[in-house]
There are 2 protein chains.
Amino acid sequence: MLNQQSNLDLMFQALADPTRRAMIDRLSRGPASVSELAKPFAMSLPAVVQHLQALEHSGLVTSQKVGRVRTVQIQPDTLSLAEQWINDRRTAWSRRLDRLGDFLAETADEPEIET
Amino acid sequence: MLNQQSNLDLMFQALADPTRRAMIDRLSRGPASVSELAKPFAMSLPAVVQHLQALEHSGLVTSQKVGRVRTVQIQPDTLSLAEQWINDRRTAWSRRLDRLGDFLAETADEPEIET
DNA sequence: TTGTTACTTAACTATATGCTTAACCAACAA
DNA sequence: TTGTTGGTTAAGCATATAGTTAAGTAACAA
């Protein structure tokens, strides 16, 4: 639990780059080879591969090499993890708003916003 | 559509840092002042404020100053946006898997993975 | 066996990020 | 009016990130 660089760090970091999000977008429609993934981008292949490494290191994609082509696919469970983290905080917030609403409804006093 | 730095970039970038996620976590339980937010961290106040600026710039939080204290709160709609982006890709992937399953069930032939 | 395709590795560079300290300012408290 | 609290601004620094080019390797094709 006290690892140096958390999974969420790597995941959100990976998703923070538009190139990498475009790759995830592409991969959400099915697996692809490295050069297929590279095609839409005006950057060198090594640059593309570095992006893929970031994605793979974060667990958002996996890949395997057959012959000389490496095929990459999405790892939906890891995407779920990021999604879940956000959802938990967002719903914590709205549950709090609900409780605050209840409190305001039940009392006529001015409520303390912060404890 | 072709803006220099997309909202999602800023959002995911903001969420990629453990300090900032901890702040969001704290804020999911209610608004807080800058110094309250700073308290758990072994870093200078300017550093904390820079993190808050990243969060605010990304739209994940808003703040306003009353007297000399600045109060920060979560912006759940922005969190939803990030969540939604992930969800869309994840579900696109699983819908694709479903269709592939149907296809495999309907035919005895070997399917084409890529179009 | 010669060339081409599909990556891979290495070395380098420019900019961005996450911090620091020092100095400042404005609100409130004594 | 003097000090303290709560934050802000500015400058600087070390490391990380996103890209580059150049050179290599291994698979398959002719």
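Keep in mind that this is a model prediction, so the values were computed, not measured. Every chain is numbered from 1 and lettered A, B, ... according to where its sequence line falls, protein lines coming before strand lines.
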Do [X] and [Y] have side chains that get closer than 4.5 Å, going by heavy atoms?
X: A:Trp85; Y: B:Ile24; answer: yes
X: B:Val34; Y: B:Leu45; answer: yes
X: B:Arg89; Y: A:Asp25; answer: yes
X: B:Pro40; Y: B:Arg26; answer: no
X: A:Gln13; Y: A:Ser58; answer: no

Round to a whole Å and report the spacing from [atom1] of [X] to [atom2] of [N].
X: B:Glu56; N: D:dG7; atom1: CD; atom2: C1'; answer: 14 Å
X: B:Leu45; N: D:dT5; atom1: CG; atom2: C1'; answer: 11 Å
X: B:Glu36; N: D:dG7; atom1: CD; atom2: C1'; answer: 14 Å
X: A:Leu55; N: D:dA18; atom1: CG; atom2: C1'; answer: 14 Å
X: B:Asp17; N: D:dA16; atom1: CG; atom2: C1'; answer: 13 Å
X: B:Lys65; N: D:dT8; atom1: NZ; atom2: C1'; answer: 7 Å
X: A:Gln53; N: D:dT17; atom1: CD; atom2: P; answer: 13 Å
X: A:Phe41; N: D:dT20; atom1: CZ; atom2: C1'; answer: 17 Å

Of the listed nucleotides [options], the one nearest the side chain of [X]:
X: A:Val34; options: C:dC7, D:dG19, D:dT21; result: C:dC7
X: A:Pro46; options: D:dT21, C:dC19, C:dG18; result: D:dT21
X: B:Val49; options: D:dT8, D:dA22, D:dG19; result: D:dT8

Legend entry - Short side-chain N/O contact to C:dC7 OP1/OP2 from A:Ser33, under 4.0 Å: yes
Inset, instruction - Check whether any side-chain N or O of B:Ser44 sits under 4.0 Å from OP1 or OP2 of C:dC19, and answer yes or no. - result: no
Legend entry - DNA chain D: 5'-proximal contact among B:Arg70 and A:Ala54 (nearest heavy atom): B:Arg70
Inset, instruction - Looking at every strand, decide which applies to A:Ser35 at a 4.0 Å heavy-atom threshold: base, sugar-phosphate, or nothing. - result: sugar-phosphate
Inset, instruction - Go through the N and O atoms of the side chain of B:Arg68 and the base of C:dA27, and report whether any donor-acceptor pair is under 3.5 Å. - result: yes
Legend entry - Presence of donor-acceptor pair under 3.5 Å, side chain of B:Gln50 and base of C:dT20: yes
